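Contents: one structure, followed by commentary.
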Amino acid sequence: MQTNEIIQQFEKYVISNYGRLPFVITKGAGSIITDSEGKEYLDMFPGWAVSGIGHCHPKVVDAIQQQAGQLIHMDNTFYNAQQGQLAQMLSERSFGGKVFFCNSGAEAVEAALKLSRIHTAKNKYKIISVEGSFHGRTTGAVAATAQPKYHKGFLPLMPGFVYIAHNDIDGLKAAFDDDVAAVIIEPIQGEGGVRLASVEFLQTIRDLCDENEAIAIWDEVQCGMGRTGKWFGYQNYGIEPDIMTLAKALGGGTSIGAIVARAEIADSLVPGTHASTFGGNPLVCAAGIATIEAIEEENLLENANEMGRYAQAKLNELKDKHNCINLVRGFGLMIGIVLNEPGAEIVAKCWEKGLRINCTQGNILRFMPAMNVTQELLDKAIAIFDETLTELSGTTSAEE
Ligand SMILES: *Cc1c(COP(=O)(O)O)cnc(C)c1O
């Protein structure tokens, strides 16, 4: 099928809830993707943070192929070895909790919200969440997402959510009362523009949750699984949650979500309270196991740290050169470039030149390469970015 035929087929048969670029991607390998015309692009935002160890990592491909020949799906009527092993791996690398598996980030958030409410019972129902957050698109997750643009058309929202400003400790204290079941926060906001929680803010959430018998939920769907240079974003702060949500990079590209919950909380999720038909199936769990093994065998946490430092230093050099860059922030390879102007045109021009990056919140570029990115690829990507900024500043001043 020709590229234009594929696009026409989408127009006719696929619901158009995405603003898609008119390209068909046919292949991915590491940090390189290829379109149907054979053109290659450097992917510095692989799979919206899903392909955390790059596209089609050979170890993950191998694990999927082997597992597919053995058993693809088995329901939770029985045990399967892969689910238990992946749960143990996540528990041992985080805070020693127990794991529930689902299929996406939003589902992980839903599971965390339901577990918080059922655990704190006694009519506690309020969930505090933070402005600029993104927790997913299901009804509960949208209500947890404290950004009005995601609420449009879906009012009234699921009740019980209380929104506070980011890093606002006084606002947090004021919002706390006996009805609060949980606070949900991304230690490092992703869609919100790589905004970091302050240490004091995260610590105050932790303390207030302890004092009020509420649950601290860290949404690690985007910042978890190694890209910040630690297994989980919160480990950069040293402040543990009661429940952590995971998805995106967890399955090496397959659809998997999970929560990790402290054991005494986790035990409130008894049969009949929550479930997922696909959750924890052998195929995606095998991919998750292979992903974690690859990160360890190839020292990718270390590489994310080292390459993150390198990329941030290089991008900071560009800040001195290009007025449009306000600041560069992040941990490891979770990098946000805050612009003084809209970023859409920059992203479009980079794409034309064979570089994929992302723009969020209108003016924040997300640069989130795979954890196994090399210095050579970063140099290439940053050179294209530099060239793009030079060209665009040229055209803007000419137009002015
Ligand atoms: C992407 C994201 C979600 C939603 O994940 P889906 O898999 O799209 O449902 C939730 N929380 C955070 C922090 C995310 O980045």
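Just so you know, ligand 1 is whichever comes first in the structure, and atom 1 is the first atom listed for that ligand. These figures come from a predicted structure and were not determined experimentally.
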- prompt: So D219 and T245, side-chain hydrogen bond (donor to acceptor under 3.5 Å, both in side chains) or not? Walk me through it.
  reply: CA-CA 5 Å; D219 183 349; T245 58; 2.8 Å; yes

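- Outside the 6.0 Å centre-distance limit, the rings of F95 and F232 are not counted as a close aromatic pair.
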message: If you apply the rule side-chain hydrogen bond (donor to acceptor under 3.5 Å, both in side chains), what do you find for Q312 with N316, and how did you get there?
response: CA-CA 6 Å; Q312 291 197 42; N316 265 309; 5.4 Å; no

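- Below 4.0 Å from some heavy atom of S104 lie the following atoms of ligand 1, by number and element: 7 (O), 9 (O).
- In terms of N/O distances under 3.5 Å, ligand 1 is approached by F134.
- For W48, no heavy-atom contact with ligand 1 is shorter than 4.0 Å.
- Between D178 and K126 there is no salt bridge, since no side-chain N of the basic residue sits under 4.0 Å from a carboxylate O of the acidic one.
- Counting atoms of ligand 1 from 1 in the listed order, those under 4.0 Å from a heavy atom of H135 are 10 (C), 11 (N).
- In terms of protein heavy atoms, atom 7 (O) of ligand 1 is closest to G105 N, 2.8 Å.
- Taking every heavy atom of Q222 and a limit of under 4.0 angstrom, the matching atoms of ligand 1 come to 15 (O).
- Relative orientation of the W48 and F45 rings is perpendicular, given thresholds of 30° and 60° on the angle between their planes.
- Contacts with ligand 1 closer than 4.0 Å are made by no heavy atom of Q189, backbone or side chain.
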- prompt: Could you go step by step and tell me if H135 and E186 meet the side chain to side chain contact (heavy atoms under 4.5 Å, CB included) rule?
  reply: CA-CA 8 Å; H135 298 296; E186 304 157 76; 4.0 Å; yes

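- Checked by distance only, ligand 1 and E107 stay at 3.5 Å or farther apart across all their nitrogen or oxygen atoms.
- Of the protein's heavy atoms, A106 N, 2.7 Å lies nearest to atom 9 (O) of ligand 1.
- Within the 4.0 Å heavy-atom criterion, neither part of A247 lies near ligand 1.
- The protein atom (non-hydrogen) at minimum distance from atom 11 (N) of ligand 1 is D219 OD2, 2.8 Å.
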- request: List the steps, then state whether side chain to side chain contact (heavy atoms under 4.5 Å, CB included) holds for Q82 with I289.
  value: CA-CA 8 Å; Q82 292 72 28; I289 292 164; 4.2 Å; yes

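- For atom 5 (O) of ligand 1, a protein heavy-atom neighbour is found at a distance under 4.0 Å.
- Looking at ligand 1, you won't find any N or O of G136 less than 3.5 Å from one of its N or O atoms.
- Assignment of E186 to the shell around ligand 1 is supported, since a heavy atom sits closer than 4.0 Å.
- Between Y41 and W351, the angle of the ring planes stays under 30°, which puts this pair in the parallel group of the 30/60° scheme.
- Side chain to side chain, R366 and Q222 meet the donor-acceptor criterion of an N or O pair below 3.5 Å.
- Regarding atom 14 (C) of ligand 1, its nearest protein heavy-atom neighbour is K248 NZ, 2.9 Å.
- Side-chain polar atoms of Q2 and Q8 form no donor-acceptor pair below 3.5 angstrom.
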